[in-house]
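Report on one structure; see the data block that follows.
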Amino acid sequence: MTNRSPFSQNVQSMHGSSTLKAAQAATDLREKGFDVIDLTVGEPDFDTPQFIKDYAWEGLQKGVTKYTPASGLKGFKEAISDYYAAEFDASFTPSEVAAACGGKQALFNAVATIVDPGDEVLIPKPYWVTFPEIVNFCGAKNVYIETEETDFVLTADQVRASITDKTKLLIINSPNNPTGRVVPGDEMRKIIDVCIEKGVYVLTDECYLLFVYPPADIFAAASLPAEYLEYVCVAGSFSKTYAMTGWRIGYTITNKAWTKQMIKLQSHSATHPTSFVQYACARALENRERSMKAVDEMLSEYKKRRDWLIPALKEIDGLKVSMPEGAFYAFIDVRSFLGERYATSADFSNKLLTESHVVTTDGEGFGADGFLRLSYATSIENLQSAVDKLVSFINGS
Ligand SMILES: Cc1ncc(COP(=O)(O)O)c(C=O)c1O
């Protein structure tokens, strides 16, 4: 007998997902019969639009049930490049697109094919929980960029100040999970320019690309001149945009050489996302009018919720929150409440769960102790009762 763990060091050093843990806490409480308000949800509360389901059925009927190329169906890659050309004036070719099983696999493929052990990867804080885990898994080093000073909106100066000789990659996510903040398009371009000047690659997670509330602007990195793709890789996803989280489909857009390496990697793991799901997505993108209408309907509902929630939160004495310009999260600063009653935001979140049955995600997992993430991918009624409960909880009543 040996004391050695049977499991690899790589996986042992990985942390479980804090967002999934919080969601599990909600489920456990619900199973005990409590009426729980769950603000941890990282997915739309809408169903996939019917016409996309119909396209998947059409794909099945047509026999799109076999292996596809590891990079995805030709029609899928063409639909992505046509869609970006029409919507964002992008000029990449289908051979610069690869299908992946969700944005998550797209991100994994991109990081795993570009970093080596010892390389530094820049990650702005707060970050989506998965970024540092992928980087760690690949043996590279996470180097965090603090952004509180600029109200959680990354700037080119912050990036420039963080680059060293070892920096290989910057991972950026705008609209951001967990803050909902959006980096303006002109700043994004400056950030990317700084990276390219220093020979640093940029992985831009555009999973919430279309979820931007005017007057903030949508910025798609693929709209930059074609040569930018030499350094930039876009990770895209259908999950949030079309309420398709369970379908597991995303994609990357980058130069042919990087794409080829990612396809090689993916060909030895998932191979490709489900064939008729690719078919359905391609058809949905081809039918732009319908798919954009579906997105707009969801977006206007999220906006209504945001426009109710943020002012209501701002009314709470001592609680701070910035206006999220995208995604469906509010990131609240509860530091002024910490002290005797709750030592940390995790403690605050835990007691809010056990005493008031409102489930939130603590900021620690996002690298931002003292904050909580509230998802507003839930009804206004739920949000109203969550805020009432939060107020009573803070007042100790
Ligand atoms: C910032 C961010 N990126 C990527 C993803 C991955 O989504 P999926 O793998 O479902 O496409 C998520 C999901 O929560 C996310 O919040």
Side-chain angles (χ1 to χ4, degrees), residues 16-24 38-46 48 52 72 76 80 97-112 121 123-135 147 152 154 170-183 188 202-212 219-221 233-253 262 266 269-270 272-274 277-278 280-281 284 295 302 324-331 361 363 365-368 373-378:
S17 162
S18 58
T19 48
L20 296 183
K21 252 187 248 163
Q24 187 57 45
D38 186 356
L39 303 183
T40 66
V41 192
E43 63 183 340
D45 54 326
F46 305 105
T48 307
I52 302 183
F76 177 83
I80 298 272
V97 178
C101 303
K104 220 175 232 183
Q105 190 178 36
L107 291 162
F108 187 88
N109 288 347
V111 177
V121 178
I123 299 184
K125 268 186 175 179
Y127 46 75
W128 183 49
V129 290
T130 293
F131 298 151
E133 298 298 338
I134 300 178
V135 172
T147 62
F152 297 143
L154 183 71
L170 163 72
I171 305 179
I172 185 163
N173 168 226
S174 172
N176 182 271
N177 177 6
T179 65
R181 301 312 307 275
V182 171
V183 180
M188 263 301 230
V202 180
L203 173 56
T204 161
D205 177 351
E206 296 185 354
C207 139
Y208 297 94
L209 177 69
L210 300 187
F211 288 177
V212 172
F219 174 78
C233 177
V234 174
S237 171
F238 286 77
S239 287
K240 322 279 172 163
T241 318
Y242 305 100
M244 295 177 69
T245 46
W247 297 57
R248 309 311 304 135
I249 181 138
Y251 52 91
T252 49
I253 303 167
M262 290 193 282
Q266 185 167 285
S269 57
H272 60 73
T274 306
V277 168
Q278 292 183 48
C281 289
V295 174
Y302 290 132
E325 303 107 329
F328 40 66
Y329 307 106
F331 205 51
T361 312
F366 306 110
R373 187 190 75 174
L374 315 184
S375 159
Y376 50 91
T378 187

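In each ligand, atom 1 is the first atom listed, and ligand 1 is the first ligand listed. The figures that follow rest on heavy atoms only: side chains count, while hydrogens, waters and symmetry mates do not.
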### Query
Quick one: does ligand 1 sit under 4.0 Å from the side chain of Tyr208, the backbone, both or neither, non-hydrogen atoms only?
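Just the side chain.
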So do [Y] and [X] actually touch side chain to side chain, heavy atoms under 4.5 Å?
X      : Y      : answer
Ser174 : Glu325 : no
Tyr376 : Pro324 : yes
Asn176 : Phe152 : no

### Lys104: partners by salt bridge (Lys or Arg N to Asp or Glu O under 4.0 Å), with sequence neighbours left out
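Salt bridge (Lys or Arg N to Asp or Glu O under 4.0 Å) list for Lys104, sorted by chain: empty.
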### Message
I'd like to know if Asn173 contacts ligand 1, where contact means a heavy-atom distance under 4.0 Å to any ligand atom.
### Response
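Contact present.
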Taking 4.0 angstrom as the limit and counting only heavy atoms of [X], give me the atoms of ligand 1 inside it, by number and element.
X      : result
Gly102 : 9 (O), 11 (O)
Ser237 : 8 (P), 11 (O)
Gly103 : 8 (P), 9 (O), 11 (O)

Among protein heavy atoms, which lies nearest [atom], and at what distance?
atom                    : answer
atom 13 (C) of ligand 1 : Lys240 NZ, 2.9 Å
atom 6 (C) of ligand 1  : Trp128 CH2, 3.6 Å
atom 2 (C) of ligand 1  : Asp205 OD2, 3.3 Å
atom 9 (O) of ligand 1  : Arg248 NH2, 2.8 Å

### Task
Could you please spell out the steps behind the side chain to side chain contact (heavy atoms under 4.5 Å, CB included) verdict for Val295 and Phe211?
CA-CA 8 Å; Val295 174; Phe211 288 177; 4.1 Å; yes
### Message
Between Tyr208 and Tyr329, is the ring centroid distance below 6.0 Å?
### Response
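Between Tyr208 and Tyr329, the centre distance is under 6.0 Å.
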### Query
Can you name the side-chain hydrogen bond (donor to acceptor under 3.5 Å, both in side chains) partners of Thr204, sequence neighbours left out?
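If we apply the side-chain hydrogen bond (donor to acceptor under 3.5 Å, both in side chains) test to Thr204, skipping adjacent residues, the hits are Glu206.
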### Test of proximity, Ser239 against ligand 1: N or O pairs below 3.5 Å
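It does: an N or O of Ser239 is found under 3.5 Å from an N or O of ligand 1.
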